[in-house]
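Let me begin by presenting the structure, written as structure tokens, before commenting on it.
Lettering of chains follows the sequences in order, A, B, ..., and the numbering in each one begins at 1. Here the structure is a predicted model, which is why all the values come from computation and not from measurement.
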2 protein chains.
Amino acid sequence: MVTIKQIADLCGVSRGTVDRVINERGNVKTETRNLVLNMIKKLEYQPNPAGKALSARKHNPVVGILIPAKGNPFFDDVIRGIKTAAEKYKIYGLNILLHSIRGYSTEAQLQILAKLKGKINALIINPINDPLIINKINEFVDSGVFVVTLNNDADESRRHCYVGTNYVNGGETAGALLQMITKEKANIGIIMGSSKVLGHRQRLEGFKYNINKNPDFKIVDIQENDDDDICSYDKTKEMIMHHPEINVLFIVAAGVYGACRAVLALNKQDQLTILAFDTVPTTVEMMKKHIIKAVIYQHPYRQGQRAMQLVFEYLVNGISPDKSKHIMKNEIKILENL
Amino acid sequence: MVTIKQIADLCGVSRGTVDRVINERGNVKTETRNLVLNMIKKLEYQPNPAGKALSARKHNPVVGILIPAKGNPFFDDVIRGIKTAAEKYKIYGLNILLHSIRGYSTEAQLQILAKLKGKINALIINPINDPLIINKINEFVDSGVFVVTLNNDADESRRHCYVGTNYVNGGETAGALLQMITKEKANIGIIMGSSKVLGHRQRLEGFKYNINKNPDFKIVDIQENDDDDICSYDKTKEMIMHHPEINVLFIVAAGVYGACRAVLALNKQDQLTILAFDTVPTTVEMMKKHIIKAVIYQHPYRQGQRAMQLVFEYLVNGISPDKSKHIMKNEIKILENL
DNA sequence: TTGTAGGCGTTATCAA
DNA sequence: TTGATAACGCCTACAA
């Protein structure tokens with residue numbers, strides 16, 4: 001393990017000069033610069049994160065976090081992952097400014113972002129795909145803030161990293177699983193959050209892609225519940241009543257509890273195979289009651305943890321992420337392996 | 001964030017004294033000791049891992065690793081996880097001595113352990129549950145070595161940590177999944193590694209527990225293949241020929257490829273639902289050919305990574321593990337979410 | 001353009 | 001029994 005001091009000694013210059021070369025601070029003669037650079041390459045110099053971390057204590061870096069988690073239990077685990085990681089990193093002087101807001105509103109997000117401006121060194125955000133937000137993200141990036149998009153990407157922006165899942169694959173997996181667990185023919189009713197949400201559309205796309213291969217599987221109806229349980233309850237009830245042939249219910253986003261309650265209200269639980277996403281407490285409850293057969297799980301805790309880890313490594317250890325997309329696998333959860 | 005220096009100043013003693021108290025090096029008057037201890041408690045002092053890491057560079061800690069990985073592709077991913085993590089920690093001065101051996105032999109394990117004695121500060125081991133090995137593990141622990149058991153526990157020993165899965169639950173999950181994907185009745189043939197291996201016995205136990213709830217599911221035959229593909233091929237062939245009523249094949253350990261080849265040789269692939277463990281390349285191949293329906297996955301990469309992480313945090317950051325068992329979930333993998 | 005020196009927090013050695 | 005000091009690797013302000 002080579003250190004700056006060693007490089008300096010071997011090049012016959014001071015540590016300061018080597019540091020200037022490494023961190024591109026300028027004010028180094030081209031010759032000495034090249035000398036140092038060659039030595040660095042030759043000895044495969046790598047900065048020691050512990051040294052950096054210690055040195056970084058003087059900055060007290062701050063991470064701004066913006067997540068529309070209020071009223072959406074999926075994010076509870078994401079936030080738990082964030083907070084656990086934050087606690088671990090606190091000792092290094094890394095602090096967080098956590099903003100959990102309710103629902104998806106460009107206006108609200110912009111407001112929080114304005115508040116965070118100038119106060120943070122990194123930003124973790126579950127962004128709306130709105131040009132105004134994209135724009136703000138780019139502004140943060142330009143001002144040197146490290147930006148991680150969480151659970152929903154904004155790849156039109158210049159964010160450094162995305163942590164989340166492959167939504168298309170989530171739908172495909174659900175579709176394949178459904179074909180495994182369904183005896184004979186399936187008439188599928190779909191309840192989705194909103195076709196305005198990219199992730200929901202992609203899941204549906206993946207699901208359809210896999211389902212359409214099988215002539216015994218038909219999608220009978222698709223309704224949107226806006227991720228709201230009451231709306232979900234009404235829409236599901238209506239759907240099942242209008243289409244008594246439905247024997248599979250696929251719930252693509254939130255509102256799982258409302259949909260299940262509708263099934264129970266109609267006493268249809270024994271005639272329906274229900275598939276959903278995520279293991280929020282109410283969903284687990286419905287799995288325990290054998291109402292929901294299986295769900296697709298997107299590692300929410302690890303998503304939160306990973307986002308914080310990336311920020312920590314960048315800000316404190318001076319390590320840039322090795323890849324820009326950190327994708328969690330879509331797992332299949334049944335009651336037994338929750 | 002309080003530092004040793006601050007504690008020292010507030011107590012009117014030197015940093016050296018505070019360090020002596022914290023690390024219980026003795027040679028401190030009881031009064032000053034209590035003074036310091038109270039201050040530490042009051043200010044909730046927590047050591048800064050970066051400081052420790054920097055200081056630890058002087059020791060150049062070494063991790064011994066002993067895994068019977070040769071000829072067992074399951075461990076390829078475990079080792080990949082170990083090596084990736086080791087690479088990351090190299091810069092901190094942490095080095096590894098990796099011993100990958102072939103097969104499970106107490107003698108061979110003892111030999112390696114003897115070789116490692118005195119050379120290592122931590123040990124990661126996939127141990128045989130033999131009193132001789134347990135004894136050696138305890139010797140290492142007593143001499144101050146941090147010991148992590150990997151993928152197979154030795155909880156009769158005083159090892160610090162176990163990283164692995166819950167085998168009983170793996171079997172239960174497989175059993176539950178099987179009941180979901182099987183139409184009507186199932187006559188199950190089971191190929192297991194060896195009843196001498198605790199993990200295999202536990203998987204079988206969990207599987208039976210779940211299967212026995214359902215009168216339509218019967219276990220027809222159980223054979224052991226000693227984790228060997230050729231043996232697996234022969235035993236499976238024989239089993240299927242002797243029991244033409246078998247319509248489900250459950251492979252509890254290695255030898256998946258051999259078993260599948262037997263099925264193919266008998267041209268039985270369309271009449272059998274096959275379930276197995278782990279996603280080794282040959283198993284994935286069989287999944288792509290639609291011979292194997294699903295497998296239970298035990299996060300091998302993460303197991304290796306986690307074991308190294310625990311060692312790193314202990315040796316370099318001076319952080320003791322928060323729990324003694326680090327259990328990975330049993331995941332269900334189908335072709336789509338591999 | 002380059003070098004020096006001090007500090008981040010912890011540990012270890014030596015002197016008192 | 002205690003204190004002073006240097007070292008781990010990096011960064012930065014200031015001096016040359």
Review point. Does B:Arg57 reach the side chain of B:Val316, with side-chain heavy atoms less than 4.5 Å apart?
Key: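 Side chain of B:Arg57 against side chain of B:Val316, heavy atoms only: no contact under 4.5 Å found.
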Rounded to whole Å, please give me the gap between [atom1] in [X] and [atom2] in [N].
| X | N | atom1 | atom2 | result |
| --- | --- | --- | --- | --- |
| B:Lys5 | D:dA7 | NZ | C1' | 17 Å |
| A:Arg15 | C:dG6 | CZ | P | 11 Å |
| B:Gln46 | C:dT10 | CD | P | 11 Å |
| B:Asp9 | C:dG7 | CG | P | 13 Å |
| B:Asn48 | C:dC8 | CG | P | 12 Å |
| B:Glu24 | C:dT11 | CD | C1' | 16 Å |
| A:Ile22 | D:dG9 | CD1 | C1' | 11 Å |
| B:Ile40 | C:dG9 | CD1 | P | 15 Å |

**Study point:** Pair B:Tyr297 and B:His299, ring centroids less than 6.0 Å apart
**Key:** yes
Of the nucleotides [options], which has the atom closest to the [X] side chain?
| X | options | result |
| --- | --- | --- |
| A:Arg20 | C:dG3, D:dG9, C:dT10 | C:dG3 |
| B:Leu54 | D:dG9, C:dG6, C:dT11 | D:dG9 |
| B:Ser55 | D:dT12, C:dG3, C:dT11 | C:dT11 |

With heavy atoms under 4.0 Å as the rule, sort [X] into base, sugar-phosphate or nothing.
| X | answer |
| --- | --- |
| B:Lys58 | base |
| A:Asp19 | base |
| B:Pro47 | sugar-phosphate |
| A:Tyr45 | sugar-phosphate |

Could you tell me whether the phosphate oxygens of [N], OP1 or OP2, come under 4.0 Å of any side-chain nitrogen or oxygen in [X]?
| X | N | answer |
| --- | --- | --- |
| B:Lys52 | C:dG9 | no |
| A:Thr32 | C:dT2 | yes |
| A:Asn23 | D:dC11 | yes |
| B:Thr17 | D:dT2 | no |
| B:Asn27 | D:dT1 | yes |

Check your understanding: Quick one: on DNA chain D, does A:His59 or B:Arg57 contact a more 5' nucleotide (nearest heavy atom)?
Key -> B:Arg57
Check your understanding: Want to settle it: does B:Ser14 or B:Ile91 sit nearer the 5' end of DNA chain D, counting the closest nucleotide to each?
Key ->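 It is B:Ser14 whose nearest nucleotide is closer to the 5' end.
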Practice item. Quick one: sort the A:Tyr92 and A:Phe312 rings into parallel, tilted or perpendicular, breaks at 30° and 60°. Key: perpendicular
**Study point:** B:Gln303 versus B:Asn151, side-chain donor and acceptor atoms under 3.5 Å
**Key:** yes
Point to revise | Within 6.0 angstrom of A:Lys90 NZ, more than 12 heavy atoms from elsewhere | key: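 Open: at most 12 neighbouring heavy atoms sit under 6.0 Å from NZ of A:Lys90.
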Review point. Looking at D:dT12, does its base get a donor-acceptor pair with the side chain of A:Arg25 below 3.5 Å?
Key: no
Point to revise | Minimal non-hydrogen separation, A:Leu310 against A:Cys161, with atom names | key: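 Where A:Leu310 meets A:Cys161 most closely, the heavy atoms are CD1-SG, 4.0 Å.
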